[in-house]
Amino acid sequence: MKKGDHLFLVDGSAYIFRAYHALPPLTRKSDGMPVGAVAGFCNMLWKLVEESRDTSVGVAPTHFAVIMDHSSTTFRNELYDQYKANRTAPPEDLVPQFALIREAVRAFDLPCIEKQGFEADDLIATYTRLAVEAGGDVTIVSSDKDLMQLVGPGVILYDQMKDKRLGAEEVKEKFGVYPEKMIDLQALVGDSSDNVPGVPGIGPKTAAELLETFGDLETLLERAGEIKQAKRRENLISFADQARLSKKLVTLEQDMPLDVPLDDLFIHEPDGDKLIAFLKAMEFHTLTRRVAAKLGEDAGAIPAAAITVEGLARGPDLDPAAGAGARAASVTNLPVQGDAVLPLTPAMLVAARREAAAAETFDRSAYVTIRDLPTLSAWLDRAAETGILAFDTETNSLNANAADLVGLSFAVAPGEAAYLPLAHVADGAGDLLASDETKAGVGPQVPLGEALALLKPVLEHAGILKIGQNFKYDYLVMLRHGIAIAPFDDTMLISYALDASSSLEGHGMDELSERFLGHKPISYKELCGSGKSLKALAACPIDKVTEYAAEDADVTLRLWRVLKPRLAAEGMSSVYERLERPLVAVLARMEQRGIRTDRQILSRLSGRFAQRAAALESEIAEMAGEAFNPGSPKQLGDILFGKLGLPGGKKTKTGQWSTDVKVLEDLAAEGHLLPRHIVDWRQLTKLKGTYTDALPLYMDREDRIHTSFSMASTTTGRLSSSEPNIQNIPVRTEEGRAIRTAFVAPEGYKLLSADYSQIELRILAHMAEIPQLTKAFQDGIDIHAMTASEMFGVPVEGMPSDVRRRAKAINFGIIYGISSFGLANQLAIGREEAGLYIRKYFERFPGIRDYMEETKEFARRHGYVETLFGRRAHYPDIKHANASVRAAVERASINAPIQGTAADIIRRAMIRMEDALAAERLSARMLLQVHDELVFEVPDDEIEATIPVVKAVMEGAALPRVALSVPLVVDARAAGNWDEAH
DNA sequence: TACAGATCTTA
DNA sequence: GTAAGATCTGTAC
């Protein structure tokens, strides 16, 4: 080993367990021997060997070894007899595979190193030290945090599964300390899986914070008395020795005796025959083919090695003289396609697809630019052959309602993708003076009309599945060209049905690609720039756009191959097929229609708001004694609590004075006029800035506003609305409600608003099976008054409005996963009183408490909760160590099934609505959805006939899948504008 | 120019 | 106490 050399150390034991648990059980066909972990191990090792030879990715190794654990007892057990005592024995079908895996490493001609009494980590630590001392670099292939202490100059950790390299900075980012402090951090935190005790009550965040403050473990333990938090201080003092013991346990031995010297890990010439013989014996057909192709060997000519369980029991036949490594002289680049063995179960298909996706690479230079009709035609024929066409539109705008097509991209198989430019112009040709010659400067393009004529039958062909990412956009763009795409799949929605979660990332293509394909696609920014340097897509060079656009289609197709089988494997097909996919076209049409808006009303309101705000502003300045920006919480805080010396209450988490409405209202209640004015000023400027000034900017030539609904941005299944958000148009105050009068129906039409009454409480009554609530809903009784009557013993007749108000707040609180803190806030009462109310409520309705506990338990057991229709919301943080974080996640998990079931129900209503209206020959058009409300545009003379149809569809939307024990009630009203209809 | 934080709007 | 999105300010780049 010398300077410039590079040692790869594979943490073999970790590899085995990951391979075993990540993959479904697999047995050798011929004799049923379990080989799943062996298969996973070989695939990962082969991939690593292949990748590491690609010097463009990293530095090619000169030395290479696979390190294994030898046995379960090590020198650490002498330090602490409980070390790793809680480890369970490895699974029965994994045990025989250990020997096979050692055999596999030898087949790869790589040294397989282990030593009695030491862990693999100690061997890794020792080899690492020696290599660094010799001037070499080290890559440790593992993601185990126990190894992070070794990271430093020349030493990195490589997580092969995630394709992540960890240096000192990444360790710091992950754990808050640099690698040299990792030992101290682990000593404090402990490790439950290794039974390292640590200090109770100290987790990674606290440990990093303490080490930041005190420097190192010893100093911290000596000065523990200075710590403010009582519990933490006590624990650090009484468990100091336990922390010191933990430190010994987690410290890796860097100077253990070695049987194989470092220099013997040098990579030799390969012996492909031996590897192929082994792989054939294991009956890993795909990998055998892949390896043979890469090494230029004829697999058929090589006999399988004789490997049997019995043979292994006698001890493997060692051949230390054999060469090493798998270095090919000629590298062929045959993509491996298809599933080698027909998978037998959905889970196996998922695993096979995931494995295939991880192995496939991206070659942007293979993408094709389609410049003539025959080429386009050939691509569409290919789509007809495969039955699959991943498809993406490239446009000049993010707004699908206004976007013009610039080009289309297609993929028919992984790596087989093309771009069809349709409306590209030479750079600088955007202005009116551009001549035809300038436009011709980008080369020939298929005329739009001819391209669409060829595409339409394919995009509407029942035998060809179109695949998109965020397909509503592409659907809408093509709809505007007279093409209604069918059938289709949407990878964004598949991902959403599978993985909706508040803490996981979103479902955008770039994120999904990195998560599932380990590939980072070209970003729009890289292609077109951003900000000032932003260039129109149509003006970007076609060869660059080809790489970008074809890659998007390619990525979409590969994502579909990985994600689609998961639906069946995880039981989520019906959510996707009944609640997600059918809504795409419905929403696309709603967005396309838009809602008519009265520009004059908005402008009059803007004027009125401006005038009143200006008057307030001058009064505010006068009272403050100086002009300042009332819209700046910072300046306002300084004036109120600094200059004027008013009693300031709360501070925000950034240390600023809080000036939110509650603080200001409290001050106003004490008789201060300035805060009152600020509150009024804020309301006026809010209404003006967010609504009356902003809405006209979204109006089209027909005075209609087209919002964009997002189907995949909530955890619960609700939709969201943006640009503009029509789901938060004011309604509570009179001034705010005036804005709703600007949403109108055109001449000869009315707006019809239909909303579910108390849908979430009804769902709660059903799900928690509360007899009193169910009965009240069945009898049509005022539910809040009934609750108040039960709780406070007040008769419903002549009930004071304040008693009902309190009960109403509690009912809502229950849906939100009640806490005494929240209820106290809502009702402006003390925490104790709020807690009393809650206890009283649970006494009256014990079923609700049971339901809440059961929901939390379900979430803890599964990591997700479910709606009545099977939609899942994932909460991976349900067992979070921080109690307040955990409580927040618990509340969310209580709310999600209720909110989500309501969302599912209105989705079902929307999906059925158009057909139901058409069946009655009604021409009502659905325009908006606001969580529990649908807004329609209805011809004057059809209103009477439409209302019962709309109500019937909405009230029956849970059926037949779910028969609720309570009725769903819908209130519907029609008027000239949204305010009066609502 | 980009982003986080505070605030406010809805169901 | 649940679920969202928009706007404005202030600061970092």
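Just so you know, these numbers come straight off a predicted model, no measurement behind them.
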Which part of the nucleic acid, if any, lies within contact of [X], taking any heavy atom under 4.0 Å across all strands shown: a base, the sugar-phosphate backbone alone, or nothing?
X	answer
A/S820	nothing
A/R732	base
A/G813	base
A/Q683	sugar-phosphate
A/D755	nothing
A/I894	nothing
A/I818	base
A/F812	nothing
A/R891	sugar-phosphate
A/S720	sugar-phosphate
A/Q826	base

Separation of [X] atom [atom1] from [N] atom [atom2], in whole Å?
X	N	atom1	atom2	value
A/M711	C/dA3	CE	C1'	17 Å
A/I878	C/dT2	CD1	P	13 Å
A/K662	B/dA6	NZ	P	17 Å
A/N725	B/dA11	CG	P	11 Å
A/Q656	C/dT11	CD	C1'	12 Å
A/Q899	B/dT10	CD	C1'	12 Å

(request) Flag the pair A/K472 and A/D490 as a salt bridge only when some basic side-chain nitrogen lies within less than 4.0 angstrom of an acidic carboxylate oxygen. (result)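 A salt bridge is absent here (no side-chain N lies under 4.0 Å from a carboxylate O).
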
(request) Output yes when A/R871 and A/E580 qualify as a salt bridge under the 4.0 Å nitrogen-oxygen rule, no when they do not. (result)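 Yes.
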
(request) Report the residue (A/G689 or A/S632) whose heavy-atom-nearest nucleotide on DNA chain C is the more 5′ of the two. (result)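 Its nearest nucleotide being more 5', the pick is A/G689.
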
(message) Would you compute the distance between atom CG of A/D904 and atom CD1 of A/I906 and round it to the nearest 0.5 angstrom?
(response)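 One gets 11.5 Å once the value is rounded to the nearest 0.5 Å.
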
(message) Before you tell me yes or no, could you show the steps for A/Y837 and A/Y841 under ring-ring contact (aromatic ring centres under 6.0 Å, His included), namely the whole-Å CA-CA distance, both residues' side-chain angles and the distance that decides it to 0.1 Å?
(response) CA-CA 6 Å; A/Y837 285 179; A/Y841 187 96; over 10 Å; no

